[in-house]
Amino acid sequence: MIRPLPSGATIGILGGGQLGRMLALAAARLGFQTHIFAPEESPPAAAVAAQLTQAAYDDIPAIQRFARAVDVITYEFENIPTAALEAIEDICPIHPGRAALAVSQDRLTEKDFLTGLGLITAPYAAVRTGDELDAALETIGTPAILKSRRFGYDGKGQVRLDNADQAASALDQFAGQDAILEGFVDFSQEISVIAARAMDSAIVCFDPGENHHKDGILATTTVPAKLSMALSTDAVILAGHILNALNYVGVMGIELFVTPQGLLVNEIAPRVHNSGHWTQNGCVIDQFEQHIRAIAGWPLGDGSRHSNVVMENLIGDALSTAAELACDPAVAVHLYGKGVCRAGRKMGHINRITGAAG
Ligand code: AMP
């Protein structure tokens, strides 16, 4: 039997960034306490949480103490060391579970998992040596992208190859790290689906959003995405398929390429996702509350959209425009309270309401 976590219970969050902060705010609305575990001294999430444990993720005694002090553990980023998870999994439930983390921590495992479900991805091959890269280029062709298998985000750890002559210099940049070569997908749009699965296996998806990147970082998400009804339905069915296969509990972000051959899966993130921030002002229950509800054994909220929204990230200096943007009655401003503003750093975002959902 599923016992919903009672009001006043404590949710432990691994990671103290803006996603952890917005999860903590959503948890507070439902009467939960949050306890953040992060290596930074004053991470953005700690400012809105009841407690912070400041320690490295591989500090096993510290993470075990944290696990004993909370009722359920979740995370806001996927690169948590396996040793840390092993040390806490018998102490406290972790949602989403290990299977989702294992799949999303390694691009090769992820692609094998997705294609194993019958889903389509870019053509890919594992690459460690120069010979393997030459062989992969032979089958996949160019243009192609060489990506590190682990710890890549926001386009980091990626090199584009326009011809096979660039192979040696591209591989040098990986300094012996395991990599994957992906064929370049000629997509017309990048979209994402934010989907949630509850402990009772119920699934709720938010409408797909269309994403635009600048300098490898998400710049905007527009909802609704300009998509045929057939593709929109495909996106949602495919998301459900992934969540069920992982026996998933929580919110997942699924990034897709739209191509003439249909939808290709780029990557999955076992957590709330930047491209789901629009739900804060476009839906009654946003992705953050949806995640907290799922991991707390609560019923999921209705994912339907009441408004059309454009989410714009405020990156680096764009933070200084926040007060001016707030003059627009159609704009909701969300700032992360980060002390240091750096080029390329996500400082906040706005959700601009562009009309009522049709
Ligand atoms: P990723 O970190 O894998 O999500 O890649 C970051 C961005 O690079 C994506 O959002 C795409 O815009 C682009 N990209 C990644 N992989 C491919 C690919 N195989 N073909 C074309 N563009 C890609």
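Just so you know, these numbers come straight off a predicted model, no measurement behind them. Remember, it's 1-based here, ligands and their atoms both numbered in the order they're listed.
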Quiz prompt | 4.0 Å heavy-atom contact, Gly183 with ligand 1 | solution = yes

Does Asn163 use its side chain to pair, donor to acceptor, with the backbone of Asp165 at less than 3.5 Å?
yes

Checking heavy atoms under 4.0 Å, the part of Asn211 that sits near ligand 1 is neither

*Would you say Trp278 and Cys283 make side-chain contact, with heavy atoms under 4.5 Å?*
yes

So the atoms of ligand 1 within less than 4.0 Å of a heavy atom of Arg107 turn out to be 2 (O), 3 (O)

- Query: Checking Arg149 side chain against Asp106 main chain: does a donor-acceptor pair fall under 3.5 Å?
  - Reply: no

Contacts satisfying side-chain hydrogen bond (donor to acceptor under 3.5 Å, both in side chains) that involve residues 37-63 (not counting sequence neighbours) are His35-Thr53

Cluster membership besides Phe113, Ile/Leu/Val/Met/Phe/Trp/Tyr side chains within less than 4.5 angstrom, sorted by chain and number, is Val103, Leu114, Leu117, Leu119, Ile191, Val193, Ile203, Leu227, Leu231, Leu238, Ile242, Leu243, Leu246, Tyr248, Met252, Ile254, Leu256, Val258, Leu263, Val265, Ile268

Here the atoms of ligand 1 under 4.0 Å from any heavy atom belonging to His213 are 10 (O)

The residue among Asp178, Ile180, Leu146 that forms side chain to side chain contact (heavy atoms under 4.5 Å, CB included) with Val127 is Leu146

Legend entry - Check: Ile145 N/O within less than 3.5 Å of ligand 1 N/O: no

For Glu255, the ligand 1 atoms with a heavy-atom partner under 4.0 Å come out as 4 (O)

The atoms of ligand 1 lying under 4.0 Å from a heavy atom of Glu190, numbered in the order shown, are 9 (C), 10 (O), 11 (C), 12 (O)

